[in-house]
Amino acid sequence: MFFSPLCAVVPANAKTASENNLERPKGPQKEESMPRIILASQSPRRKQLLSQIGIKNFEILVPGGEESYDPSLSPEEIVSSICRKKGESARTLAGDPSAIIITADTMVFLDGLRLGKPRSREEAFSMLSALSGKTHHVCTGVTVSQGSRMETRAETTAVTFRPLTDTEKWAYIHTGEPFDKAGAYGVQGPAALFIPRVEGDYFNVMGLPLALLGEMLAGFGVKLFSDEEELH
């Protein structure tokens, strides 16, 4: 006899989950039970990723200030320092000690040197040429704060580019995608064709390490899955 894997046959005398004292499945936490959440970033990718993990209602606040740092620091120390400064600025702007504020800063490093956002087509070509056939590292610092409490952690992902031809580099540059992205590429766009290997959190390369963020939010009482709601 053949049974479809999409359905289950339940005997007439089977007991219910409550009768067997089985744990009910856990579902996403209800939006109305969440505290006020502020994303201190104007990055469209971070907005998308925050929504992806079930946080639909959040506010955007963009703190000012220069991204200055001590060049003697390690890559993870640099992004941690910058996003912590952003977090302090955002906390002051928000003026709400009950709000949970998320800030992040992402940088691309090749052989220990930072690659920022290209300012010209030629600079984008130079960056893509440097990345071609090599492995580089993407580091993101994440800060979560509420009132006087603030936690900062960092995530690093190794990204490998295959060798690129000059034609491929110019074709990608003509899409316009490199110009608002550190390292002159976006892993979620056409540049995915250049990347045969990602070691670590893929979403970190997009600008927000989701697994790390989820752990940090849970520490602030924001559980994205709740015991109280059943999956339907």
Common cluster, [X]/[Y], ILVMFWY with side-chain heavy-atom separation under 4.5 Å:
{"X": "Trp170", "Y": "Tyr172", "answer": "yes"}
{"X": "Val222", "Y": "Ile101", "answer": "no"}
{"X": "Ile38", "Y": "Met150", "answer": "no"}
{"X": "Leu61", "Y": "Ile82", "answer": "no"}
{"X": "Phe203", "Y": "Ile195", "answer": "yes"}

Value rounded to 0.5 Å, distance of [atom1] in [X] from [atom2] in [Y]:
{"X": "Asn57", "Y": "Arg36", "atom1": "CG", "atom2": "CZ", "answer": "13.0 Å"}
{"X": "Glu122", "Y": "Met127", "atom1": "CD", "atom2": "CE", "answer": "12.5 Å"}
{"X": "Gln48", "Y": "Met206", "atom1": "CD", "atom2": "CE", "answer": "4.5 Å"}
{"X": "Leu110", "Y": "Lys134", "atom1": "CG", "atom2": "NZ", "answer": "5.5 Å"}
{"X": "Ile102", "Y": "Phe220", "atom1": "CD1", "atom2": "CZ", "answer": "10.0 Å"}
{"X": "Arg46", "Y": "Gln52", "atom1": "CZ", "atom2": "CD", "answer": "14.5 Å"}

What's the shortest heavy-atom distance between [X] and [Y], and which atoms?
{"X": "Leu217", "Y": "Ile100", "answer": "CD2-CG2, 4.1 Å"}
{"X": "Cys83", "Y": "Thr152", "answer": "SG-CG2, 3.8 Å"}
{"X": "Pro196", "Y": "Thr160", "answer": "CD-O, 3.0 Å"}
{"X": "Ala191", "Y": "Gly186", "answer": "CB-O, 3.4 Å"}
{"X": "Phe194", "Y": "Glu168", "answer": "CZ-O, 4.1 Å"}
{"X": "Ala90", "Y": "Ala40", "answer": "CB-CB, 3.7 Å"}

I want to check something: taking the side chain as every heavy atom from C-beta on, are [X] and [Y] in contact at a cut-off of under 4.5 Å?
{"X": "Lys169", "Y": "Ser129", "result": "yes"}
{"X": "Ile53", "Y": "Leu213", "result": "yes"}
{"X": "Val187", "Y": "Val159", "result": "no"}
{"X": "Glu177", "Y": "Pro190", "result": "yes"}
{"X": "Asn204", "Y": "Tyr202", "result": "no"}
{"X": "His137", "Y": "Glu76", "result": "no"}
{"X": "Thr106", "Y": "Val138", "result": "yes"}
{"X": "Leu39", "Y": "Lys47", "result": "yes"}

Examine the side chains of Ser145 and Arg91 and answer whether a donor and an acceptor come within less than 3.5 Å of each other. no
Can you confirm whether the side chains of Thr143 and Lys86 place a donor and an acceptor under 3.5 Å from each other? no
Contacts of type ring-ring contact (aromatic ring centres under 6.0 Å, His included), residue His136, not counting sequence neighbours: Phe161, Tyr185
Backbone N or O of [Y] within a donor-acceptor pair of the [X] side chain at under 3.5 Å?
{"X": "Lys56", "Y": "Ser51", "result": "yes"}
{"X": "Ser132", "Y": "Leu164", "result": "yes"}
{"X": "Thr175", "Y": "Ala171", "result": "no"}
{"X": "Ser89", "Y": "Lys85", "result": "no"}
{"X": "Gln146", "Y": "Ser98", "result": "yes"}
{"X": "Arg162", "Y": "Leu193", "result": "yes"}
{"X": "Thr157", "Y": "Asp201", "result": "yes"}

Does Gln42 have more than 12 heavy atoms from other residues, nucleotides or ligands lying within 6.0 Å of its CD? no
Test Gln188 against Lys181 for side-chain contact (heavy atoms from CB on, under 4.5 Å), laying out the working first. CA-CA 11 Å; Gln188 72 281 5; Lys181 297 173 179 66; 3.9 Å; yes
Applying side-chain contact (heavy atoms from CB on, under 4.5 Å), run through Val79 and Arg114 and close with a yes or a no. CA-CA 11 Å; Val79 295; Arg114 178 192 175 190; over 6 Å; no
